[in-house]
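The structure appears right after this line, and notes come after that.
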Amino acid sequence: MNCEEVLRHLHDYVSGELSANHRESLMEHLDGCAACRRFLRQIKKIRTALENTMNHDAPPELHRVVREMLADA
Amino acid sequence: MKDERRKKFEKEVLSHLDRLYSYAIHLTSDRDDAFDLVQDTYLNALKSEMQYSLGTNAGAWLFTIMRNLFLNKLRRKNRKNEGNVGEWIDQMAGTDMIGFEKTKTDPSARLFDRLLREDIVRAINTLPVEFREAVVLCDIQGFSYADISMILGVPIGTVRSRIHRGRMILRNMLAEWKNTASKED
């Protein structure tokens, strides 16, 4: 697996969509390639930042309204 | 007395309420509109209850309902205002989400650098809408490619490519801003 192929598979890996077969080849490449390891860290960091920044808990009032709606139906 | 099916249905759909609210905030950029959109989504889900097979994929089903409701509302609004067909894309892309930063208080969020957080929000809002939707559903909502394909109504290959390209644009944008900020310091 070369760096270009790795780039394609890294996104699937971060998404949890990479097959076990490709995963093994990917790990082998990452062991010996600092540039691809750095790229993986960057993509993971962006994903974590998105998760942390853009998730919102629904207000309690909305929980109450929806529960009542379901209960009354 | 409620039947078993209804009890299970309620349990399955209620478990997605917080995720739906997050997605509604993303779509509407307004807390009140998001509140209404979530309510409407559950109303529609109740109406279509029998179309849902218990134990399948309540999350993807509810997100599909919500997205369709939102797009239909936007289309009606645009028709009323004689807007262009693609205006909703501009509306979504032009909204400022910085005011909607995460309010949860988990330690990882507290530790997270505020500047990066603001940059992330700015960057995601700058993404072209088709990439943004795919990245939001994958990286924020945690859906699989197959679920995203169902929600957006596009093939899995398209989902994959939009996520890859979206993340690359985000990465390059953030790197560029970081470089600019370093030069200004």
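Chain A is the first sequence line, chain B the second, and so forth, proteins listed ahead of strands; every chain is numbered from 1.
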Can you tell me which portion of [X] sits under 4.5 Å from chain A's heavy atoms? Options are side chain, backbone, both or neither.
X: B:Arg160; answer: side chain
X: B:Leu46; answer: side chain
X: B:Glu49; answer: neither
X: B:Leu43; answer: both

Please determine whether the number of non-hydrogen atoms from other residues, nucleotides or ligands lying under 6.0 Å from atom [atom1] of [X] exceeds 12.
X: A:Arg23; atom1: CZ; answer: no
X: A:Glu24; atom1: CD; answer: no
X: A:Arg38; atom1: CZ; answer: no
X: A:Glu61; atom1: CD; answer: yes
X: A:Glu68; atom1: CD; answer: yes
X: B:Arg171; atom1: CZ; answer: yes

[atom2] on [Y] to [atom1] on [X], rounded to 0.5 Å:
X: B:Leu17; Y: A:Arg67; atom1: CG; atom2: CZ; value: 7.5 Å
X: A:His9; Y: B:His164; atom1: NE2; atom2: NE2; value: 9.5 Å
X: B:Tyr145; Y: A:Asp12; atom1: OH; atom2: CG; value: 4.0 Å
X: A:Ile46; Y: B:Ile120; atom1: CD1; atom2: CD1; value: 5.5 Å

Exercise. Sub-3.5 Å donor-acceptor pair from the side chain of B:Arg167 to the main-chain atoms of A:His11, do we have one?
Worked result: yes
For this session: Give a yes or no answer on whether the side chain of B:Asp18 reaches the backbone of A:Asp57 with a donor-acceptor pair at less than 3.5 Å.
Result: no
With the side chain counted from C-beta on, respond yes when [X] and [Y] share a heavy-atom pair under 4.5 Å apart, and no when they do not.
X: A:Arg47; Y: B:Cys138; result: yes
X: A:Met54; Y: B:Asp139; result: no
X: B:Ile124; Y: A:Thr53; result: no

Seminar exercise, completed: Of the listed A:Glu17, A:Arg8, A:Gln42, the one with the largest count of heavy-atom pairs under 4.5 Å with chain B is A:Glu17
For this session: Identify which of B:Val38, B:Val13, B:Val135, B:Leu20 forms the greatest number of heavy-atom pairs closer than 4.5 Å to chain A.
Result: B:Val38
Count I, L, V, M, F, W, Y as connected when their side-chain heavy atoms are under 4.5 Å apart, and connections chain through other members. Are [X] and [Y] then in the same cluster?
X: A:Leu40; Y: B:Ile163; answer: no
X: A:Tyr13; Y: B:Ile156; answer: no
X: A:Ile43; Y: B:Met173; answer: no
X: B:Phe143; Y: A:Leu18; answer: no
X: B:Tyr52; Y: A:Met69; answer: yes

For this session: Measure across A:His56 and B:Ile25 and return the closest heavy-atom pair with its distance rounded to 0.1 Å.
Result: NE2-CG2, 3.7 Å
For this session: Please name the pair of heavy atoms, one in B:Tyr21 and one in A:Ala58, separated by the smallest distance, quoted to 0.1 Å.
Result: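 Shortest heavy-atom contact: CD2-CA, 3.5 Å.
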For this session: Before giving the answer on side chain to side chain contact (heavy atoms under 4.5 Å, CB included), spell out for B:Gln141 and A:Asn55 the whole-Å C-alpha distance, their side-chain angles and the decisive distance to 0.1 Å.
Result: CA-CA 8 Å; B:Gln141 299 299 338; A:Asn55 271 320; 4.3 Å; yes
For this session: Would you check, one step at a time, whether the test side chain to side chain contact (heavy atoms under 4.5 Å, CB included) holds for B:Ile140 with A:Glu51?
Result: CA-CA 5 Å; B:Ile140 301 172; A:Glu51 276 178 343; 5.6 Å; no
